[in-house]
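Keep in mind that this is a model prediction, so the values were computed, not measured.
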Amino acid sequence: MIEARNITKIYNRGKFNETAAVVDISLKIKDKTIVALTGPSGCGKTTMLSMLSLILTPSSGEILYDGDGVLRASDFWKTVFRRNNFGFVFQHINLLPQYTALENVLLPIYASDEDPAQYKERATMMLDELGIADRAGHLVEQLSGGEQQRVAFVRALIKNPRYIFADEPTVFVDEETSKIIYRTLTRLRDEGRTVVISTHDVELMKLSDDTFRMCKGRRA
Amino acid sequence: MLKKHRNIFSYSFDCLKRYRMRSIAIIVTFLVATTMISAVLFAKDGLEREAEYSVSVAPDLTVQYLKAGRVAQIPVTYADNISRVEGVDRVLLRTWGYVGIGTNTYTVIGLDPSGLNYSGIAASSLESGRFLNADDSGAGNVVVGQLIAGILDVTAGDDMILLSESVDAKRFHIVGVFSDKESIYTADMIVMSLEDANEFFKMDEGMVTDLCVYVNEGLVPQDVAAKMSAMPNVRILDQDLLLRGYKAAYAAKGGIFTTLWTIVLVAVALIAFSQAIVVGHESKFEVGLLKTFGFSTLDVIEVRLIESLTLGFFATSLGMLFGFAYAAIFNAPGLVDILLGWAFLPSEFRLPVVVSFESVFSIYAVTIIPLLITTVVPAWLNAITDPELAMRRAAT
Ligand SMILES: Nc1ncnc2c1ncn2[C@@H]1O[C@H](COP(=O)(O)OP(=O)(O)OP(=O)(O)O)[C@@H](O)[C@H]1O
Ligand SMILES: [Mg+2]
C-alpha cells in the first residue's frame, strides 16, 4: 500500500513565483488496484504523481510504502527502490530522441544487473501488442506522438514492475490504442500490480478502483 | 554488480555515437589545440636537449677578458698565467664570431688544430671529408655544418667565399662536413684554424676571443675557477652558466610558448563552456531520466567519466601524435623559423624532437582535467536534484 500523509509541495518557495502546487493532501492507494488522479489542468496531478513515485521531494508531509516512511531514506535507497519496483509513463513522454524505440524500451534494464539483450524478445512482443513492432528499429524522433506514447508505455512495463505510475497515458493515442491500454492496465491489476494514473479520460476513470479529484492543489 | 558496470560502459560508449556532434566538437577542438601545443613542447624539449648537448661539449671553463666592464679580446699571455693555476690541465685559445651568408648568420670558430682533440667539437662525427689537423694552420681549410652545406649546396672539396666585417672576400676550402646525426649543435658552424680565424676577424696581434680551460680529471671546475678569480679583468663562465644562457635564449623566442598555452587554454575553456551550457541542457534531461529509472548518482557520474575520459584521451593522444609528426617528420613549418631564427631550411635539416614525460603529462592534464570538471560536476549537480525537476526544467 502507498500512503500519502499531509503532502504539500511549494515550488520556488520565498520567490516572486512561489507556487503551491499541492497542499496538504492525504490519500491511500491499496495494492492491486488502479487509482486515478483527476482534475483540471494545473491542479497538481503531475506534481502529486511525481512525489508518490519518489522523483520529487515534497515540501512537507510523509509518504509510506507498506507502512514505512520513505522520505527520510537516502537518495541511493530511493533510487534503488525505484529501480526495483517502479515503471513510469510521463506526461511529456520523455524518450531519448537519438535512440530507437527498442533501445528506449530497454533503457531501464541498463540500471540493473541484468543483460538488456535478454529483454529484447519481451520488448518486441510488447511493442507488437501495441501495434508498433515494425517501428522498433526507428529513431524515436521519427515516430508520431501516439507511437511515442506507446513506446513509453512499453518502457514502463518492460521490467514488470510492482507499481506503475502513468501520467495521462492515453492523451496522444487513438481509440484503438486506448482500448489496448485499458486492457493492459486491467490485466496488470489482475496480475497483482498497482497502477497510479492521472487522467482526463472518462473511460480510464471508469475502470479505476478509486478516483481522487483534485482542485488547485487540494483534494476536491 | 559486474553486469551493471558492463551496462554502464556500453551505455556510455553508445552515447558517444548518438551525440555525434557533441563528440566531434570536443575531438576537433582538442585535436587542434593539442597538435599545436605538443609540436611546440616536443620541439622545445628537443632544443633544450641540444642546449645541454652543446654545453656538455663546451670547455669546463671559458675565460673572457673584460675591458671597461665589457667583453673584449683577451691577450694570449693570459693562457700562460692560467695554465699555471693549480688544477688546470690545459688551456686552448679560441677566436670566434659570426658571419652572414645571404639572410642567414653562421658561427665561425677558430681553434688551434693541434689542440682540437681536446675541444668538444672533435666529438662530433663527420658526414664526409676529414677533420682539421696540424697542417691546416693558416691554410684556409674549414669544416662546415650540415645546414650550411645544405643551403650553399657544397660538400667536402668545394670552395666557399666568406665576407668579413670589413667586406673583404676570403676564399675557404671545405675539407669536411659535420654530420647532424647526434645533434644539430654543429649545423650552423664553420670551424677553421685559429690562425685563419684571427686573420678573418682581424684580431689584434697576440689577442684571441676567449680561452677554453680544461681542469684536471676529478676536480670541480668551479673550485678551480675560484682560484683564477683573483686575476684582474677576467670573467669566468662555467657550464651551468652557459646552459642558463642557452635556455634563456630559447625562452626569449619562447613568447610563443605562452601564446600557445593561452590558445590551448582558451580552446579548452570554450569547449568546456559549451559543454556546460549547450550539452548541459540536453544532458540534464538525460540525467533526470536515468535517475528515475534507477541509475544512482554514482552511476551517472560513471557514465560521464567514461565518456569524457574516452573522448579526452582519444583526442589528446591523437593530437600529440599529429604534433609529433608535424615537428619530427615535417620539421614544424612555420614554427621552426620562430624557434631557431632560420628563414630557410634545407631539406636535410631535422628539427630535434624530444617527447618527455613531463610534456605528455602536462598536455593530458591541461585538456582532460577541465573536460572532466565541466562534464562530471554538472552531471553530479543534476543527479542530486529531484529527477522530476531535472527533466521538467530541461524539457521546457
Ligand atoms: N517546476 C515548477 N516550478 C514552478 N511551478 C511549477 C513547476 N512545476 C509545476 N508548477 C506549477 O504547479 C502547478 C501544478 O502543476 P502540475 O504539472 O502538477 O499540474 P497538472 O495537474 O499535472 O496539470 P496538467 O493537467 O496541465 O498536466 C501548476 O500551476 C504549475 O504551473
Ligand atoms: Mg500534468
- Task: Kindly assign one of parallel, tilted or perpendicular to the pair B/Phe9 and B/Phe13, based on the angle between their ring planes and the thresholds 30° and 60°.
- Result: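 If you compare the ring of B/Phe9 with that of B/Phe13, the planes turn out tilted.
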
- Query: Which pairs, with at least one residue in residues 364-385 of chain B and sequence neighbours excluded, count as a salt bridge (charged side-chain N to carboxylate O under 4.0 Å, His left out)?
  - Reply: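 Found none.
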
- Check whether the side chains of A/Asp167 and A/Ser198 place a donor and an acceptor atom closer than 3.5 Å, and report yes or no.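 Side-chain D/A pair, A/Asp167 to A/Ser198: present.
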
Has [X] got more than 12 heavy atoms of other residues, nucleotides or ligands less than 6.0 Å from its [atom1]?
X	atom1	answer
A/Arg122	CZ	yes
A/Glu18	CD	yes
A/Lys120	NZ	no

- Between CE on residue A/Met48 and CZ on residue A/Arg219, distance to nearest 0.5 Å: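 If we round to the nearest 0.5 Å, A/Met48:CE and A/Arg219:CZ are 9.0 Å apart.
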
- When heavy-atom pairs shorter than 4.5 Å are enumerated against chain A, which of B/Leu298, B/Leu289, B/Thr297 gives the highest number?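 Greatest number of close heavy-atom pairs with chain A: B/Leu289.
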
- Task: Of all the heavy-atom pairs spanning A/Ile2 and A/Val196, show the shortest one and how long it is.
- Result: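 In terms of heavy atoms, the two residues are closest at CD1-CG2, 4.3 Å.
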
- Query: Which atoms form the tightest heavy-atom contact between A/Thr194 and A/Asp31, and what is the distance?
  - Reply: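 For A/Thr194 versus A/Asp31, the nearest heavy atoms are OG1-CA, 3.4 Å.
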
- Message: Using heavy-atom distances under 4.5 Å, tell me whether B/Arg20 contacts chain A through its side chain, its backbone, both, or neither.
- Response: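 Contact with chain A is absent: no heavy atom of B/Arg20 under 4.5 Å.
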
- Heavy-atom distances under 4.5 Å only: say whether B/Ile384 touches chain A with side chain, backbone, both or neither.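 The answer is neither part of B/Ile384.
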
- Tabulate, in ascending numerical order, the residues of residues 74-83 of chain A having at least one heavy atom closer than 4.5 Å to a heavy atom of chain B, or enter 'none'.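 Listed by number: A/Asp75, A/Phe76, A/Thr79, A/Arg82, A/Arg83.
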
- Message: Heavy-atom pairs under 4.5 Å with chain B - which of A/Gln91, A/Glu103, A/Met51 has more of them than the others?
- Response: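 Of the options given, most contacts go to A/Glu103.
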
- Message: ring pair (Phe, Tyr, Trp, His ring centres under 6.0 Å), that's the test. Do A/Tyr65 and A/Phe86 meet it? Break it down for me.
- Response: CA-CA 12 Å; A/Tyr65 273 80; A/Phe86 293 176; 5.6 Å; yes

- Item | Any residue of residues 299-307 of chain B which, by heavy atoms, sits under 4.5 Å from chain A |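 Interface residues of residues 299-307 of chain B: B/Asp299.
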
- Applying side-chain contact (heavy atoms from CB on, under 4.5 Å), name anything that partners A/Arg72, two or more places apart in sequence or on another chain.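 Partners of A/Arg72 by the side-chain contact (heavy atoms from CB on, under 4.5 Å) criterion, ordered by chain and then number, come out as A/Glu62.
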
